There are 2 protein chains.
Amino acid sequence: MLSERQSMILNAIVDDYIRSAEPVGSRSISKRGDVAFSPATIRNEMADLEELGFLEQPHTSAGRIPSNKGYRYYVDHLSPLKPLKTEDLKLFKQLAAEKLNAVEEVIQHAGTVLASMTNYTSILLGPEMFNTSLRHFQLLPLSETTAVAIIVTSSGEVENKTVTIPAGVSVSEMERMANLLNDRLAGVPMHKLKARIYSEIGQEIQRHADHYEGLMKLLDDAFAAGKDQKVFLSGTTNMLTQPEFRDIGKLKTVLDLLEQTPTLTRLLSSEHKGIQVRIGSENVHQAFVNCSLITATYSLEGEAFGTIGILGPTRMEYAKVIGTLDLLSRAMSRALTGRYGA
Amino acid sequence: MLSERQSMILNAIVDDYIRSAEPVGSRSISKRGDVAFSPATIRNEMADLEELGFLEQPHTSAGRIPSNKGYRYYVDHLSPLKPLKTEDLKLFKQLAAEKLNAVEEVIQHAGTVLASMTNYTSILLGPEMFNTSLRHFQLLPLSETTAVAIIVTSSGEVENKTVTIPAGVSVSEMERMANLLNDRLAGVPMHKLKARIYSEIGQEIQRHADHYEGLMKLLDDAFAAGKDQKVFLSGTTNMLTQPEFRDIGKLKTVLDLLEQTPTLTRLLSSEHKGIQVRIGSENVHQAFVNCSLITATYSLEGEAFGTIGILGPTRMEYAKVIGTLDLLSRAMSRALTGRYGA
DNA sequence: TTTAGCACTCATTTCGATAGAGTGCTAACG
DNA sequence: CGTTAGCACTCTATCGAAATGAGTGCTAAA
């Protein structure tokens, strides 16, 4: 579609613009060395590239900036990932070396490292309930009327929820029910749990216990909506340093969005495994028109587990971020699998 | 210390400045109606107030703005709290009406309401470990080498931590130890727990179990540093709308600070019960020189439990915020005590 | 003691001129 | 025919001078 030379020029322009955040002129491209043509020639090609929709011109007498389409081309034709700088690798090694026990700590820490390495905002999604199974269930009375339900998943996550004890239900009854659940449903995937409770536990309760309705209501509450995936943010303030967010209004819409965990979960969860790049308006959300979102999935035992994302301006260091994300997602998968693996 | 009239004028200036964020001139005070003197008279008083350190002048030909000392006087002499607007009261009622089970949900939601009512940033500290006691302890093996330790406190909070199983320790040994802990130490305040573990459980283990060192290490890990108090932030982006944070640099220092939970915990935890106002440089932290922090404590069963805070520019609507905070802290205490109370 | 009047100060706004970066086009060159 | 030098043109950003106006401090009168 693009000639060799056009491709080179487009590449050079995107590169320059990513560094400088300012419209790139023909002269500066010519002087870079990697495109050995006169400014005039480059100008001609630039005009063509603009006509084709890869470049844009803020005004007549300014240089060109890449359009979304331009970035897309740039990303799709990135040369094979460069190795990371040694200083960055050091951070990775630290990450691997640290003795982090809980899954959440691994994720949290990875997010911090990622944000400080890239100077963008990192968004990490914790384990998807979908892929874990029940390890242990427990009901612990707190008062006459309330109890705390504790659910431990196969990945070692602990969820807890305070529930109301239905009138008339005794402590021993609750204990029996919890035991029943552990006996019958340990190992069942979380997303099938509710169905199995109805089909198996329900019957049993109906046969042996007095307060069918109450007990079922209690279980319903305890396993309600398995909670959202946890979201870990880091480096949100890095947004402030990006010149494209000098405009407080734009900045606020983006930061506001980052406070809404459900939206984030939706934006990040993706069907694909592997790395995905969403540039500007390719993002569903209106507020992200000036942003690019790069995501990668990490896994436990080969099962998709969660998502790592980097949010930055469309003018983003794609090569670096993609490389980093690739390494980090592998590192996390390794760290997690190593810990809980068979 | 100040004459009646000076006090009135100072009040008027602070009021005006809080609304407009712009230096207040003698003319506008004179026109307000509540200080019926000519601009010239007011100017004289203003000059005196400046000399006394209550006011400042950005430059010779500008109006006056309150100094920290000025704000302090204003706050200390606030007229008795005005009743809240009905629309705000509605929000409170909603808060009370919602059936929120877990303590954390109550806190989280209160924070959101607070931020949206005040348009500042709300910072809420969760329950202080200090004031809760142990309800239940459990060790659940996850793999050959790891287990999850679950700690339930008297307030229904569930803490969990993944720990490494020391070499050679069997599952039944761990179970026995957990049972021992529950028998002996249930009801012991969290802050005394470590000492009691050493004094009581340690001995017992030494007598009956083989792996004293390993088991003690495990308990140490499980109860390590009882985790920081949880911090709930809401409305951080409200900072963006304040004209004093037009300067991205200042904004970033503040927002960066908000990302550091340990610092926040330190800033908010206070010895006093009740409402506390820290204006500008009265805050320990350098980054908060342009901010005021107003905190209130909420409680469970009369015991100090956690802190609610509002962070905004020194030019803050003190009257409104203090009133709101007062009501909200009571509401929260009621909501929490109502739920878990005897 | 209060206030009207007035000269003075100083940040902010406005406006025109200028500089400079970059383009598009044309014509010459190899 | 592709490439390049040259040049006129466009448009933004910058700069400085002048105008603006909000507000003060002081003095003198009420």
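What you see below is based on every heavy atom in this structure, not just the backbone, and it leaves out hydrogens, waters and symmetry mates. Naming: A, B, ... by sequence-line order, numbering from 1 per chain. Please read these numbers as outputs of a predicted model, since none were measured by experiment.
In this structure, A:T324 contributes its side chain and A:K320 its backbone to a donor-acceptor pair below 3.5 Å.
Comparing A:G63 and A:N44 by the nucleotide of DNA chain C that holds the closest heavy atom to each, the one mapping nearer the 5' end is A:G63.
Between the CD atom of A:E45 and the C1' atom of C:dT23 there is a distance of 16 Å, rounded to whole Å. Distance CD1 (A:I9) to P (C:dG22): 16 Å, rounded to an integer number of Å. B:L49 has its CG atom 12 Å from the P atom of D:dG25, to the nearest Å. As rounded to whole Å, 13 Å separates atom P of C:dT23 from atom CD1 of A:I65. Rounded to a whole Å, the CZ atom of B:F37 is 12 Å from the P atom of C:dT1. With rounding to whole Å, B:Q6 atom CD is found 15 Å from C:dT2 atom C1'. Rounded to an integer number of Å, the gap from B:E22 CD to D:dG23 C1' is 13 Å.
Not one side-chain nitrogen or oxygen of B:T41 sits closer than 4.0 Å to the OP1 or OP2 atom of C:dT2. The side chain of B:R5 places an N or O atom within less than 4.0 Å of a non-bridging phosphate oxygen (OP1 or OP2) of C:dT2.
Ion pairing between A:R19 and A:D15 fails under the 4.0 Å rule for side-chain N and carboxylate O.
With hydrogens and angles ignored, a donor-acceptor pair closer than 3.5 Å exists between the side chain of B:S61 and the base of C:dT9. A donor and an acceptor atom sit less than 3.5 Å apart, one in the side chain of A:R43 and one in the base of C:dG24.
Of all non-hydrogen atoms in B:R315 and B:I18, the two that sit nearest each other are NH1-O, 2.7 Å. Closest heavy-atom contact between B:L264 and B:L258: CD1-O, 3.4 Å.
Of the residues A:N283, A:I310, A:I279, the one that meets the side-chain contact (heavy atoms from CB on, under 4.5 Å) test with A:L293 is A:N283. If you run side-chain contact (heavy atoms from CB on, under 4.5 Å) between B:T295 and each of B:L124, B:T307, B:L267, only B:T307 comes through.
Within residues 50-60 of chain A, the residues approaching DNA chain D are A:H59, A:T60, by heavy-atom distance under 4.0 Å.
In this structure, the nucleotide among D:dT4, C:dT23, C:dT2 sitting nearest to the side chain of A:M46 is C:dT23. Checking C:dG24, D:dT4, D:dT24 against every side-chain atom of B:R64, the shortest atom distance belongs to D:dT24.
Listed by first then second residue, pairs satisfying ring-ring contact (aromatic ring centres under 6.0 Å, His included) with a partner in residues 50-70 of chain A read A:F54-A:Y73, not counting sequence neighbours.
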